[in-house]
Amino acid sequence: MTSSFQEKVYSVVRRIPRGKTLTYKEVALKMGMPNAARAVGNTLNKNRSKDVPCHRVIRSDGKIGGYYWGAAAKIEILKKEGTI
DNA sequence: CATTTGACGCCAA
DNA sequence: TTTGGCGCCAAAT
């Protein structure tokens, strides 16, 4: 599959360094689509791939957001990485 | 092909 | 400040 849109999402998310977190909006903004934050989250959810550190993408509100394997697991990973 | 879904974000009340 | 509603976008049904 890997549509052009997904390639952009992965390109940005994959570059997120360990111990750092980006918001869905920031990712969308880097793609050149400032208002596609929702589509970004939707793409990561459907893909459920570990090839990309999608757990480093959180909401702009400061909330954890979501995770295919559960938000709790997402938080746990961030803690292990030192983000929290 | 048309409609609904969903890991979002911002504004108004 | 907190809650509700509206707008946006791509993928799935």
Side-chain angles (χ1 to χ4, degrees):
Chain A
M1 282 280 300
T2 22
S3 298
S4 183
F5 187 81
Q6 292 193 358
E7 287 183 42
K8 292 179 179 187
V9 176
Y10 299 132
S11 297
V12 176
V13 178
R14 209 183 308 153
R15 289 174 195 186
I16 303 176
R18 178 179 166 288
K20 171 82 184 282
T21 53
L22 277 181
T23 65
Y24 295 98
K25 186 186 169 190
E26 285 292 293
V27 175
L29 187 65
K30 288 173 184 291
M31 286 184 209
M33 306 179 114
N35 47 338
R38 203 167 187 175
V40 173
N42 196 282
T43 297
L44 294 173
N45 176 28
K46 301 286 177 56
N47 195 69
R48 80 231 199 174
S49 180
K50 286 179 178 170
D51 297 326
V52 100
C54 46
H55 55 264
R56 293 181 188 155
V57 185
I58 60 174
R59 290 183 50 130
S60 306
D61 304 82
K63 296 182 192 298
I64 192 60
Y67 198 56
Y68 192 78
W69 292 281
K74 185 174 179 179
I75 297 170
E76 199 65 12
I77 296 170
L78 293 175
K79 283 173 81 173
K80 287 186 173 222
E81 294 192 339
T83 310
I84 303 178

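In what follows, every heavy atom counts, from backbone to side chain, and hydrogens, waters and symmetry copies are set aside. These numbers were taken from a predicted model, which means no experiment stands behind them. A note on names: the letters A, B, ... follow the listed sequences, proteins ahead of strands, and every chain is numbered from 1.
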Show me the protein contacts with nucleotides 11-13 of chain C, counting only N or O atoms at under 3.5 Å.
from	atom 1	to	atom 2	distance (Å)
C/dA11	OP1	A/Ser3	OG	3.4

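- Near DNA chain B, meaning a heavy atom under 4.0 Å away, the residues from residues 60-73 of chain A are A/Ser60, A/Asp61, A/Gly66.
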Would you check, one step at a time, whether the test side chain to side chain contact (heavy atoms under 4.5 Å, CB included) holds for A/Val40 with A/Met31?
CA-CA 10 Å; A/Val40 173; A/Met31 286 184 209; 3.5 Å; yes
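- At distances below 3.5 Å, at least one donor-acceptor pair connects side-chain atoms of A/Thr23 with backbone N or O atoms of A/Glu26.
- With sequence neighbours excluded, the residues that form a side-chain contact (heavy atoms from CB on, under 4.5 Å) with A/Asp61 are A/Arg59, A/Lys63.
- Contacts of A/Ser11 classified as side-chain hydrogen bond (donor to acceptor under 3.5 Å, both in side chains), with partners at least two apart in sequence or in another chain: none.
- For the strand DNA chain C, secondary-structure stems (runs of at least three Watson-Crick or G-U pairs, all distances below 3.5 Å) span B:2-6 with C:9-13, B:8-13 with C:2-7.
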For residues 64-71 of chain A, which side-chain N or O atoms pair as donor and acceptor with protein atoms under 3.5 Å away, sequence neighbours left out?
from	atom 1	to	atom 2	distance (Å)
A/Tyr68	OH	A/Arg48	NH1	3.2

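- Heavy-atom contacts of chain A under 4.0 Å fall on DNA chain B between two terminal nucleotides, which in 5' to 3' order are B/dG6 to B/dC10.
- Remark: A/Asn42 engages A/Lys46 in a side-chain contact (heavy atoms from CB on, under 4.5 Å) (not counting sequence neighbours).
- Under the side-chain contact (heavy atoms from CB on, under 4.5 Å) rule, A/Val52 has a single partner from A/Val12, A/Val9, A/Leu44, which is A/Leu44.
- Residue A/Lys25 comes nearest to A/Ser60 through the heavy atom pair CB-OG, 3.8 Å, listed as atom of the first residue, atom of the second, then distance.
- Residue pairs meeting the side chain to side chain donor-acceptor pair (under 3.5 Å) criterion with at least one partner in residues 75-84 of chain A, sequence neighbours excluded, are A/His55-A/Glu81, A/Arg56-A/Glu81.
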Can you tabulate the close N/O pairs, meaning under 3.5 Å, that link protein atoms to atoms of nucleotides 1-7 of chain C?
from	atom 1	to	atom 2	distance (Å)
C/dG7	O6	A/Arg38	NH1	2.7

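- Listed by chain and residue number, nothing satisfies the side-chain hydrogen bond (donor to acceptor under 3.5 Å, both in side chains) test with A/Lys20 (two or more places apart in sequence, or in another chain).
- Counting only distance, with no hydrogens or angles, the side chain of A/Ser49 and the backbone of A/Asp51 share a donor-acceptor pair below 3.5 Å.
- Chaining together hydrophobic side chains whose heavy atoms lie under 4.5 Å apart leaves A/Leu29 on its own.
- Counting only heavy atoms from C-beta outward, the side chains of A/Thr21 and A/Leu78 approach each other to under 4.5 Å.
- In this structure, A/Ala39 and A/Ile58 both approach DNA chain B, and ranking their closest nucleotides by distance from the 5' end singles out A/Ala39.
- The minimum heavy-atom distance between A/Ala39 and A/Phe5, with the atom names listed, is CB-CZ, 3.7 Å.
- A side-chain donor-acceptor contact under 3.5 Å links A/Lys74 to the backbone of A/Val57.
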